[in-house]
Amino acid sequence: MMGIVDCNSFYCSCERLFRPDLQAQPVVVLSNNDGCIIARTDEAKSLGIDMGVPFYQCRDLLRTHGVSAFSSNYHLYGDMSMRVMDTLRHLMDDTEGLHERVEVYSVDEAFLDLRHIPADRLVSFAMHLRMVVEEWTGIRVSVGLAPTKLLSKVANKLAKKDKQATNCVMVLDSEDAIREALERTEVGDLWGIGRRYAVRLRDHYGIRTAWQLRQMPEEWARRQLGGVVGVRLIRELQGHSCIALKDPLEKKQMIATTRMFGAPVFDAGALREAVATYTARAAEKLRRQHSAATTVDVFVVTSGGSSGSYVYEPRSDHRYAVLPRPTSVTHELTAFTLPLVEQLYRPGMKYLKAGVILGGLVPDVAIQGNLFMPSEPGRAKGLMDAIDNLNVSMRDDIVKYAASGMTRNWKMRQELRSRRFTTRWAEIYEVH
DNA sequence: TCTGGGGTCCTAGGACCC
DNA sequence: TCTGGGGTCCTAGGACCC
């Protein structure tokens, strides 16, 4: 059996931990730049606040109903996520240590491999997980258990839908239970079926429920649902597990840092500062997983609507470069990303967003030399280590490159952020 | 006025190799 | 009239996820 543990309204739950007065109150959390709603509590959902709605469009509704809104506080959420995942790993501890049983799938979700739990103990084990995680971290979770990853996601979604009846736990351990669950699940709610496929399935094939989809032949899925991806989806629906737990040691294949600007940018200087900053941030992530990049890609998003038009029509453009030799050194990367900015920049354009994507990642231990470049003396590597250590131990960006700029008018807005209670001494929770 | 950020996998098609 | 077979690697683009 497979399982998935999913934190309930995760970002909102994190905010409530330090605001017990909000326990039964509606709460929402906003995306970067305070742009749109990305997390809601059940109370907020029942007020009709949808996922992804722009903040400015529902400001009045929020005020009328006394909904508390927070800017996203990734220090807090990241730290709480680590605590939840550590708890899960502890509870899934495997004395034989043959393989990992927990796959951290996202900041608030983890898949579990439950082959070692006897069938008659699955329900009580799921209850136990839920209880201990809440006791140790204060975060409530929902648990879905089933023969495959996809079916466990189905179970989890149904558990969350009716928390009273299910106690946030659902186990699909019989054909009857699976059939009933799939009949109650809309095809668009399935993991792997997005909006495009959902519409096509409904309009072209009259398929509305997950149960209907399960009856379709594999060859049809191969043609209509993205090749082998579709075939796997059908098999998983039928209860044949074919998406295994992922190895936690796997490294990322690309690393990106992209941001919407706090206010539109018009001049090349500010654009260069932003790209230099994003390059530095991406390079930090690169060094953390001990990789080096062979390609850099810079992209910008401009406001496409002609002047006077109300239509929001962003357009994007990008340029990339192949490095003469893989590197993770910030200034070696900016030496390539900044010239790309010059290539992209057009005076008079209104820039809304920019990003840096590092690709062609290789391990940084055995970087392949280039016949035509002087070999890396190791000094730059030492400098990077020193900067990374200072920035981690002291505070964000105590040391940074001048190219990143000092004014940073383009920085994102975050007007409603709570304190970083668990990761900054100066912001720790106080009891008087 | 104001609409997030960071990833994954897969396929098709072209260049190139022996 | 005739014009191989079997690969790899790369990029662009499309779908999806949270």
Side-chain angles (χ1 to χ4, degrees), chain A residues 4-7 9-11 28-39 50-60 69 71-74 77-78 81 103-111 149-150 153 156-157 187-201 221-233 242-243 246 250-264 278 281-282 285-286 289 294-295 297 299 301 303-305 307-314 316 318-320 322 350 352-361 412-415:
Chain A
I4 187 150
V5 175
D6 185 324
C7 303
S9 310
F10 182 55
Y11 291 176
V28 299
V29 172
L30 308 173
S31 66
N32 274 344
N33 237 0
D34 296 345
C36 48
I37 310 266
I38 54 168
D50 286 332
M51 190 72 169
V53 177
F55 183 39
Y56 73 92
Q57 279 180 12
C58 56
R59 227 179 196 131
D60 289 340
S71 301
S72 24
N73 181 347
Y74 292 112
Y77 312 151
S81 172
E103 173 195 336
V104 177
Y105 177 65
S106 74
V107 69
D108 71 331
E109 280 175 81
F111 282 108
K149 272 186 169 178
L150 175 56
K153 292 280 279 186
N156 184 276
K157 194 153 258 179
V187 80
D189 285 339
L190 280 174
W191 187 46
I193 301 292
R195 284 224 346 240
R196 284 232 156 67
Y197 282 159
V199 168
R200 235 187 40 217
L201 288 173
R222 191 187 302 279
R223 274 175 281 111
Q224 304 301 331
L225 293 176
V228 304
V229 180
V231 174
R232 275 206 294 259
L233 196 141
C242 45
I243 309 176
K246 248 174 65 180
E250 269 175 45
K251 294 179 176 178
K252 304 221 182 305
Q253 299 172 18
M254 54 165 265
I255 285 176
T257 300
T258 74
R259 294 272 182 287
M260 205 81 186
F261 299 132
Y278 302 162
R281 184 71 67 230
K285 297 184 203 169
L286 193 61
Q289 70 160 32
T294 43
T295 64
D297 189 306
F299 75 87
V301 174
S303 166
S307 61
S309 111
Y310 301 125
V311 200
Y312 176 66
E313 279 177 357
S316 76
H318 75 118
R319 294 283 184 282
Y320 72 93
V322 178
K350 180 176 175 183
L352 304 177
K353 176 179 183 170
V356 171
I357 303 173
L358 306 179
L361 306 192
M412 66 179 174
R413 287 189 304 271
Q414 267 197 327
E415 286 157 10

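Convention: sequence-line order gives letters A, B, ...; per-chain numbering from 1. Just so it is clear, the values below take in all heavy atoms, side chains as well, and ignore hydrogens, waters and symmetry mates.
- Residue A/Ile4 contributes atom CD1, which lies 11 Å from atom C1' of C/dC17 at whole-angstrom precision.
- With hydrogens and angles ignored, the 3.5 Å screen pairs a side-chain donor or acceptor of A/Ser81 with a backbone N or O of A/Val107.
- When the nucleotides B/dT8, B/dG4, B/dG6 are ranked by their closest atom to the side chain of A/Ile38, B/dG4 comes out on top.
- Nearest-nucleotide positions on DNA chain B place A/Thr258 closer to the 5' end than the other of A/Glu250 and A/Thr258.
- Residues A/Gly226 and A/Gly35 each lie close to DNA chain B; by heavy-atom proximity, the contact nearer the 5' end of the strand is made by A/Gly35.
- With distances taken from any side-chain atom of A/Asp108 to the nucleotides C/dC18, B/dG7, B/dG6, the minimum falls on C/dC18.
- Using bins of under 30°, 30° to 60° and over 60° for the plane-to-plane angle, the ring pair A/Trp191/A/Tyr105 lands in the perpendicular bin.
- Spacing between atom CZ of A/Arg281 and atom P of B/dG5 amounts to 14 Å, rounded to whole angstrom units.
- For B/dG4 and C/dC17, the C1' atoms lie 15 Å apart once the distance is rounded to whole Å.
- A/Arg259 places no side-chain N or O within donor-acceptor distance of the main-chain N or O of A/Asn32, the cut-off being under 3.5 Å.
- OP1 or OP2 of C/dC18 sits under 4.0 Å from a side-chain N or O of A/Lys153.
- Listed pair A/Arg259 / B/dG6 meets the phosphate criterion, a side-chain N or O lying under 4.0 Å from OP1 or OP2.
- Heavy atoms of A/Thr257 sit under 4.0 angstrom from primed sugar atoms or phosphate atoms, though from no base atom.
- We find that CZ of A/Arg223 is positioned 19 Å from P of B/dC10, with the value rounded to whole Å.
- In this structure, the nucleotide among C/dC18, B/dG6, B/dT3 sitting nearest to the side chain of A/Tyr105 is C/dC18.
- Atom-to-atom, CD1 of A/Ile357 to C1' of C/dA12 comes out at 13 Å; the value is rounded to the nearest Å.
- The separation between A/Met254 atom CE and B/dC9 atom P is 11 Å, rounded to whole Å.
- Heavy atoms of A/Ile243 sit nowhere under 4.0 angstrom from any nucleic acid atom.
- Using a 4.0 Å heavy-atom criterion, one finds that A/Arg232 contacts the sugar-phosphate atoms exclusively.
- In this entry the distance linking CD of A/Glu103 with C1' of C/dC17 reads 12 Å, nearest Å.
- Using a 4.0 Å heavy-atom distance criterion, A/Asn33 is classed as making no nucleic acid contact.
- Side chain of A/Arg222 to main chain of A/Val231: no donor-acceptor pair is present (N/O by atom type, distance under 3.5 Å, no hydrogens or angles).
- Of the candidates B/dG4, B/dG5, C/dT11, the closest approach to any side-chain atom of A/Tyr320 belongs to C/dT11.
- Looking at heavy-atom distances under 4.0 Å, A/Val228 makes contact with sugar-phosphate atoms alone, never a base.
- Here A/Ile255 lies in heavy-atom contact (under 4.0 Å) with sugar-phosphate atoms only.
- Residue A/Met412 is out of contact with every strand shown, counting any heavy-atom pair closer than 4.0 Å.
- What separates CG of A/Asn32 from P of B/dG6 is a distance of 8 Å, to the nearest Å.
- With C/dA15, B/dT3, B/dC2 as the choices, the nucleotide that has an atom nearest any side-chain atom of A/Gln57 turns out to be B/dT3.
- Pair check for B/dT8 finds C/dA15; Watson-Crick or G-U wobble, both atom distances under 3.5 Å.
- In the set C/dC16, B/dG4, B/dG7, B/dG4 carries the atom at the smallest distance from any side-chain atom of A/Met260.
- The side chain of A/Arg196 sits closest to C/dC16 out of B/dG7, C/dC18, C/dC16.
- Rounded to whole Å, atom P of B/dT3 lies 12 Å from atom CZ of A/Arg59.
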* Apply side chain to side chain contact (heavy atoms under 4.5 Å, CB included) to A/Tyr320 and A/Ile357, showing your working. => CA-CA 9 Å; A/Tyr320 72 93; A/Ile357 303 173; over 6 Å; no
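- Counting any heavy atom pair closer than 4.0 Å across all strands shown, A/Leu30 reaches no nucleic acid atom.
- Not one N or O on the side chain of A/Thr258 forms a donor-acceptor pair closer than 3.5 Å with the backbone of A/Ala354.
- Side chain of A/Gln253, nearest nucleotide from B/dC9, B/dT3, C/dC18: B/dC9.
- The aromatic rings of A/Tyr278 and A/Phe261 sit parallel to each other, their planes meeting at less than 30°, with 60° as the upper class boundary.
- In this structure, A/Lys246 does not reach the B/dT8 phosphate: none of its side-chain N or O atoms is under 4.0 Å from OP1 or OP2.
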